[in-house]
Structures are given as C-alpha cells and as structure tokens.
Amino acid sequence: MKIIAYGIRNDEKPYLDEWVANHPDVEVKSEPKLLDENTVDEAKDFDGVVAYQQKTYTATVLDKLGSFGIKSLSLRNVGVDNIDAEAAKRNGIKVSNVPAYSPAAIAELAVTEMMRLLRRTKKFEDKERHGNLTWAPDIAEEMNQQTVGVFATGRIGRQVIDIVRGFGAKVIAYNPYPNPKLKKEGVYVDTPEELYKNSDILTLHAPALKENEHMINDETIGQMKDGIRIINCARGSLIDTDALIRGLDSGKIKGAALDVYEDEVGIFNVDFGSFDKIPDARLKNLMERDNVLITPHIAFYTKVAVKNMVQYALDANVSLIKTGTSDKEVKL
Ligand code: COI
C-alpha cells in the first residue's frame with residue numbers, strides 16, 4: 001500500500017517516521033509541499049493521500065486525484081471547510097479528518113487567553129520591557145467572578161467548561177443540539193442572544209459553516225453585556241473583524257483574544273521579519289491594542305496534538321483504502 005503525505009512539516013516528521021516504523025507493509029512518501037494544482041501529479045500511482053493545509057482543496061485538484069483512481073483523502077486536522085465537497089463526491093473520494101486530536105490543546109489555550117486578558121499580562125509585559133514595574137492602573141479581575149459563555153459544546157467546548165469550573169467561574173452555554181449531561185446540569189440558555197447578554201467572557205467553539213459566518217457582527221455585539229471579552233480559538237469566519245474593531249473602539253468589548261482570523265491564510269505561520277511588513281492593516285490594528293491578544297492559530301500546536309494528527313490520519317487513510325470506510329470519515 002502506498003500513501004503520499006502532503007505538507008509534512010519538520011515537527012511532524014518524527015511522528016510520521018514512528019508510524020512508518022510500526023507499519024512495514026505501508027510505504028509513505030512524505031512531501032513538504034501542500035496539495036495543489038502544481039503538486040497533485042505526485043499522487044499518481046499512490047493508493048491514498050494524507051494532507052493538512054488551510055489552502056483550498058480545489059475541484060481541479062480533486063478531479064485529478066479522481067482521475068488517478070485515488071478514493072481516499074485523510075486530513076490531519078478537524079476542519080473540512082476548505083474542501084470542494086461537490087468535487088470530492090463527484091470523484092467518489094472519501095474524506096476523513098481527525099476530529100479529536102487533542103480537545104485539551106484548544107481548550108487550554110482558550111482558557112489561557114481568558115486569564116491573560118483578565119490579568120492584563122500583555123500590558124504588564126509591555127510596561128516591564130520599558131522598565132516600568134508599577135501596578136496601576138492595570139488592576140485585574142478574577143476568573144471566579146466571571147460568567148463564561150460557551151458557544152457550542154462539542155468536545156472542545158466541554159473541556160473549556162471543565163477547566164473554567166475548576167477556577168470557580170459560572171458557566172452558561174448555547175448549542176442547538178444540547179449535550180444531555182450538560183442539559184441535566186442546567187448549563188444551557190435557549191438562544192445565542194441570551195448567551196451574549198449574560199456572559200462576561202464569550203468563548204467560541206463552533207465549526208465554520210455558511211450559517212454562522214460573521215455570527216459575531218454589529219447586531220450580535222449590540223446584544224452583548226457591556227464590557228464583554230471575546231475569545232475565538234475556533235474559526236476566523238465566525239467574527240466580522242470590522243464589527244469587532246468597532247466594538248473595541250466603543251468600549252462595548254473590553255478585550256478579545258483571537259487565535260484565528262478571517263484573513264489568516266497566507267499570514268499566520270509566516271515570518272514577515274518585522275511588524276511593519278505584516279501585510280494586513282486590520283490585523284495590525286488589533287495587534288497594537290493592549291487589550292487584544294493575537295496568536296497565529298497555535299491552539300492545536302502541541303506535541304500530543306501534532307502526533308495524533310499525523311498518526312490518526314495515517315490510520316484513517318489505511319482504513320479507507322482497505323475497507324472503503326473509517327470511523328473518522330466525514331459526511332460531506
Ligand atoms: C483544525 O484542526 O481544523 C485546526 O484548526 C488546526 C489546524 C491549524 C492544523
């Protein structure tokens with residue numbers, strides 16, 4: 001069996017090599033480049049493809065894979081929003097993802113950012129760099145006094161709930177399909193509006209869907225509690241960045257932490273050499289604020305998560321090739 005793995009980074013390579021050593025019957029070609037129109041021909045003569053990228057898996061690429069007889073594409077990440085679903089279906093290409101490589105990795109970053117906002121660490125670090133070791137005016141707030149609103153209670157949202165409860169925070173949540181255990185515990189509110197109105201900190205854990213694009217916009221920000229803090233470690237498309245900036249300018253939003261950004265592709269995980277050279281004025285506007293934390297989509301970037309992404313995706317690809325199904329197959 002022959003698999004080609006695209007976009008393999010140096011930090012993934014040891015986990016790929018470990019998997020290969022344990023699967024002598026499978027040949028894996030590791031390709032550092034992403035899967036696109038320029039590299040798809042390399043997949044010819046392989047039985048399956050493993051990939052991770054934020055760049056789109058286009059119809060042209062999927063048609064080419066189909067023409068090579070490739071029927072299995074295993075992503076090393078969760079999100080499948082960058083796949084041309086129609087083209088995958090038309091070519092009979094089954095797609096798998098890694099739905100739970102480490103929910104804790106994402107949840108822990110979300111809570112870290114809540115704490116950093118509350119304790120104003122960005123401001124203190126900046127003051128320290130300038131030799132200023134004073135306290136005022138940056139007095140903090142405590143997590144145990146907060147109501148944390150969790151939008152979407154999948155694996156990651158539930159992990160966030162467990163962690164913030166450990167701090168003694170009050171938790172409320174919204175999900176169109178409530179989790180039975182959380183429902184019994186009385187965690188849910190009935191509408192997003194109720195969540196916005198009652199949260200001191202709002203943390204987003206929904207996938208990117210057409211229906212929720214820019215769900216955080218001028219109107220929904222208007223429904224929020226004055227002085228809310230917003231955390232997004234989910235998908236950039238959930239937030240209308242211009243509306244967020246307006247909310248920060250007016251003081252309605254007291255702080256925000258974004259690990260994802262709607263225009264992040266081609267910007268996050270790139271070294272521009274200096275702040276000035278970052279080619280995105282809105283992002284720089286946000287980065288310059290001491291009440292806004294920007295991290296370049298690093299929530300997933302832990303040793304446990306990266307290992308699981310590589311090895312679970314290879315397992316899923318083998319299963320798709322051998323049996324035509326996998327417990328990680330995604331319904332497109
Ligand atoms: C996902 O798994 O969908 C992510 O957002 C992480 C990705 C940047 C590797």
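In each ligand, atom 1 is the first atom listed, and ligand 1 is the first ligand listed.
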Contact partition for M309 relative to ligand 1, non-hydrogen atoms under 4.0 Å: side chain

Element-labelled atoms of ligand 1 that are located less than 4.0 Å from some non-hydrogen atom of V78: 1 (C), 2 (O), 3 (O)

R235 neighbourhood, listing ligand 1 atoms whose heavy-atom distance to it stays under 4.0 Å: 1 (C), 3 (O), 4 (C), 5 (O)

Under 3.5 Å: N/O of G79 near N/O of ligand 1: yes

Polar atom proximity, Q54 to ligand 1 (N or O, under 3.5 Å): no

Modelled atom types, side-chain donor and acceptor of S199 and T147, under 3.5 Å: no

Donor-acceptor pair between E142 and N144 side chains, under 3.5 angstrom: yes

Side-chain ion pair, K284 and E288, N-O less than 4.0 Å: no

Ion pair R90/D63, N-O distance below 4.0 Å: yes

ILVMFWY cluster, I321 and I4 together (side-chain gap under 4.5 Å): no

Any Y101 heavy atom less than 4.0 Å from ligand 1: yes

Shortest protein contact, atom 8 (C) of ligand 1 (heavy atom only): Y52 OH, 3.0 Å

NZ/K2: more than 12 non-hydrogen atoms of other groups inside 6.0 Å: yes

